[in-house]
Amino acid sequence: MRQFPILYWPRKTTGDEAYQLARKVISNNTGVMPTVYGADTDIATILAQNPDAAVYYPVFCESTGWWGELLGGDAVVTNKVIISPECQLMVIELQKNAKKTGQHQLLAAEIYPTSGFFKKMNSGIATVADMLATDAGTILALFSGKNQTQFINILESTGNSYLGCIGRY
């Protein structure tokens, strides 16, 4: 099964150099110019309409919480492509199509913001990649780590909730 590329681009494309670069990089990597979707469509809808697609989702250096819409869904991050110092593309596919590549995983959890927890997690089990505060006073945190089981054990021992693994690269 050949997957075709889709570029999800939430910004205006007129004169956007990052947009042009993203299209060029995707075309060079896949041999096909990507279909483009704008900010008015969510990832779940794109993948429901195109189950064999690989969606390239831009994450800009000022972005926070970009991964939140993947939680609880069928999609996982399967790769990342750095196109510039300001932007990288996350490659998102349906879980059933995703090949397990590499050892690193993007692990998401709901935690209470205590410094001891972060010191423990950044000591080699997992590294904080992104965070998003919630109205309930917790933090949705994204970690990059190698051992999902060890990550879950530490979370459970501190009374926090594990939300799921959202990718591998």
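Treat the numbers as computed from the prediction; the structure is a model and nothing was measured. Worth knowing before you read on, the calculation uses all heavy atoms, side chains too, and leaves out hydrogens, waters and symmetry mates.
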Report all side-chain donor-acceptor pairs from residues 80-89 shorter than 3.5 Å, counting only partners two or more places apart or in another chain.
from  : atom 1 : to    : atom 2 : distance (Å)
Ser84 : OG     : Glu86 : N      : 3.2
Ser84 : OG     : Cys87 : N      : 3.1

Donor-acceptor contacts, no H, no angles, side chain residues 128-141, under 3.5 Å, sequence neighbours left out:
from   : atom 1 : to     : atom 2 : distance (Å)
Asp130 : OD2    : Gly65  : N      : 3.1
Asp130 : OD2    : Trp66  : NE1    : 3.4
Asp130 : OD2    : Trp67  : NE1    : 2.9
Thr134 : OG1    : Ala136 : N      : 3.3
Thr134 : OG1    : Thr138 : N      : 3.2
Thr134 : OG1    : Thr138 : O      : 3.0
Thr134 : OG1    : Thr138 : OG1    : 2.8
Thr138 : OG1    : Glu110 : OE2    : 2.7

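Defined by atom type and a distance below 3.5 Å, a donor-acceptor pair is present between the side-chain atoms of Asn50 and Tyr37. Side chains of Thr45 and Asp42: a donor on one and an acceptor on the other come within 3.5 Å.
The OG1 atom of Thr158 sits 8.0 Å away from atom CD1 of Ile154, with the distance rounded to the nearest 0.5 Å. Expressed to the nearest 0.5 Å, how far CD of Gln49 lies from OG1 of Thr41 amounts to 7.0 Å. Considering CD1 of Ile92 and CG of Asn79, their distance stands at 11.5 Å, rounded to 0.5 Å. The CG atom of Asn97 sits 5.5 Å away from the CG atom of Asp52 when rounded to the nearest 0.5 Å. To the nearest 0.5 angstrom, Ile166 atom CD1 is 11.5 Å from Thr78 atom OG1. Between atom CZ of residue Phe143 and atom OG1 of residue Thr127 there is a gap of 9.0 Å, rounded to the nearest 0.5 Å.
Other residues sharing a hydrophobic cluster with Tyr112 under the 4.5 Å side-chain heavy-atom criterion for ILVMFWY residues do not exist; the residue is a singleton. Hydrophobic cluster membership for Val76: none, as no Ile, Leu, Val, Met, Phe, Trp or Tyr side chain comes under 4.5 Å of it.
Partners of Gln148 according to the side chain to side chain contact (heavy atoms under 4.5 Å, CB included) rule, which considers only residues two or more places apart in sequence or in another chain, are Gln105, Leu107, Ile152, Tyr162, Cys165, Arg168. With sequence neighbours left out, the side chain to side chain contact (heavy atoms under 4.5 Å, CB included) criterion links Lys146 to Gln103, His104.
The shortest heavy-atom contact between Leu7 and Tyr56 is CD1-O, 3.5 Å.
At a threshold of 4.5 Å between non-hydrogen side-chain atoms, the residues Asp16 and Trp9 count as touching.
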